[in-house]
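As the structure is a computational prediction, the values presented were derived from the model and not from experiment. Remember, it's 1-based here, ligands and their atoms both numbered in the order they're listed.
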Amino acid sequence: MLNHPLGLSTLEEKYRSPTSIGHLMSLLDTPIENAPRISRRIVPALKHLGIKTIRDILFHFPARYDDFSNLQKISDVKIGDTVTISGAIKKISLHRTARKHMALVEAVISDDSGSLKAIWFNQPFLARNLRVGDVVNLSGKIARGPKGIYLQGPAYEKITNNKWQMANGGGIHTGGLVAIYPETRGLTSRWFRFLVKTFIDQRKFIVDPLPADLRKKHNLQDIQAAIKIIHFPQSKKEPVEARRRFVFEELLLIQLRALHARAELKQHQAPEILLDLELLKKFVNSLPFALTDAQRRSIWEIVKDIEKSKPMNRLLEGDVGSGKTVVAAAAALLASRAGFKTVFMAPTEILAHQHYETLQKILKSFNIKIGVLTSSKKIAEGSDIIVGTHALIQKDVVFKNLGLVIVDEQHRFGVAQRAALARGYSGWLPHFLSMSATPIPRTLALTIYGDLDLSILDEMPKSRKRVITRIIEPGKRNETYQLIRSEVRTGRQVFVICPRIEPPLTNSESGANKRINESAFRSWEVRAVKDEYKKLSEIIFPEFKIGMLHGKLKSKEKEAVMKEFKSGEIDILVSTSVVEVGVDIPNATIMMIEGAERFGLAQLHQFRGRIGRGIEQSYCFLFPTEDGMVTRRLRAVVDAKNGFELAEQDLKIRGPGNMFGTEQWGVSDMALTAITDPVLVREVRLAALEFAREDPALSCAPELKRKLEEMEKRGLYRPSNFAKHIRILQNYWKVRSTTGLPVGLYMRSRISTSWKTMDQFA
Ligand code: ADP
Ligand code: MG
């Protein structure tokens, strides 16, 4: 609300009572350097905000609004109120404070009910801007001073009889709702409002990308009205509606982009991998376990897809342990028998080898040649299925007759990448199956992954027993230790996770400082582990062997500890939340989590996933800190049926927070926040589908089409962006890699149409 200390307001003063510009011609695309009424001095600040043209000014939306609608008579004001008063300046003077020699502007303003003092610090220029006799609005808080009540540093506005004020019932800085913009140094909201007001009439040259009938159908404001309203709302409800309109447009573009990508892919041919039902049945029967319904459904969705002559583009989502590999193996088997090669890409060497071994085991009786391609091992010649890391596969080999590409944890793969893999690209693209364990909220997936079909493994193999989860209140600690003791006596093992203790913060909320503190955090974490280790080994469980894992150990040391735990020499393993403990230890049946309320829900779920791998019943004990509350969040961990449900809960409880607010998405914060609203997402999706059905060329919405093309040109929503998105998501859920694989969650079930047919091979 304050004026810029460098005296920008003097500049503003030069252009006092601006008449809006733009009745005659469009200045929308005029660069700000060349625009009338924009001082050179603010050009760098505008650029810093990413504002290059007049259009950008109008599309730089407020972050919030100050409510100065409480217009009062001076005689009625009370201490603590935020009010707007309207009156004439009777006196104004500039002083210096005695002690700190600060500039102090004092004014007396009066209306027909009385007079009141207003005081501003550090804005000496006000004494020049405001003169005795000026009629002004002042908006601010009433405070008590030694000499009675006064208005504390109010926003001010001169009231003239200009057209704007007549039409808008007052000013832009005071009275009513006043826009507060995301600011940068050198540019205040006050200055920005002034700019917007100057150019607001330019909105008349903006063509609405949303056709009128669509707006009507979905109850959306037209763009010109929405722009005016979002900057200068008359009521609190108005800008909410305006925002909805812009969000709708943005999400619609993303959806259309996805649908377009879908259509584009359909232009290509893919090998038809005909369904050999006998073979598939034989495969299913050869497995040492019965497939889950979710696995059968997913296999069926995939085999029906690769049968077609259009490239499949599918994401297989499932929590770690839900059995994605078998599903992929079924598809690879069919491809091989049909004479096509499969490439199977893993994110790390370890995982590549693991997949290689798994596939060899699963496909043992089918006479399929499987090769592996990592920096340490290269057997690929003549293989039907080649497993390897992304990097190697992408550069080393020529794949003839490539029919299927399976990618673990990379999510998306563009047409160009597929074509490149197919090297001998002769008019067809391989089918594509992406596998992932990262929790992607459903609404988000529907939006940003709109071009992918989803198959979801929403159940775990029956052999995995459900872990019993309990929240342990401070009074129940000893009882729980007793239970743990008896479990360990029967030979079971225990994980203990220590929370990250927040070190005392120096002075900072700032990003830079946070980064510096990362290493401090690390040390504090190590300390937490050491303390817990000491407590458990000396006081609680002196009779057991206790081990310790933390980030400061060398990898050799870590390996040694893990080996001891695996072999059962160590009974209880204390570790930080960040250490990789991804190894499968079926004998570990207890997970103790200290300071449980400090972890993200998805993260707690991930810890819990480390137990319950054997045949014994497993337990997860959540210990909140002494002063920590047993929150709704912790209860959600106990109650949630699966991890994906939990991820959505987490999103609801915490809000999008740090998941969004980042430019990396290429989507506005506003739109990303809106993505958590399933109703809106659905509505937009239906609108997009309607376009795709009725007017795929967007001939009835040329401006929308132009924007879409622009979006494509700018490279937004390219497949390559998505690896980055997933990292943001993983960070948000604090889901960390264990064996190099983000441990994740899965989505709520989708209804499949293929149930009946599925029974044919089960
Ligand atoms: P992920 O989805 O994490 O990749 P995997 O495919 O590695 O899971 O499977 C995890 C383990 O579960 C493997 O040992 C696999 O053989 C086993 N498995 C897969 N499906 C089933 C099932 N339906 N019943 C029992 N065990 C299964
Ligand atoms: Mg896997």
Under 4.0 Å from any heavy atom of [X], which atoms of ligand 1 are there?
X: Ala290; answer: 22 (C), 23 (N), 24 (N)
X: Leu291; answer: 23 (N)
X: Thr325; answer: 4 (O), 5 (P), 6 (O), 7 (O)
X: Thr292; answer: 23 (N)
X: Gly323; answer: 1 (P), 2 (O), 5 (P), 6 (O), 8 (O), 9 (O), 19 (C)

Just checking, is any N or O donor in the side chain of Glu301 or Ser455 under 3.5 Å from an acceptor N or O on the other one?
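Side chains of Glu301 and Ser455: pair found under 3.5 Å.
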Quick one: look at Met435 and ligand 1, take heavy-atom pairs under 4.0 Å, and tell me if it's side chain, backbone, both or neither.
neither
Salt bridge [X]-[Y], side-chain N to carboxylate O under 4.0 Å:
X: Arg314; Y: Asp305; value: yes
X: Arg297; Y: Asp458; value: yes
X: Asp453; Y: Arg262; value: yes

Using heavy atoms and a 4.0 Å limit, tell me yes or no: is Gly318 in contact with ligand 1?
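So Gly318 does not count as touching ligand 1.
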Fit a plane to each ring of Phe599 and Phe607, take the angle between them on a 0 to 90° scale, and name the class: parallel (under 30°), tilted (30 to 60°) or perpendicular (over 60°).
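Because their plane-to-plane angle is over 60°, the rings of Phe599 and Phe607 count as perpendicular.
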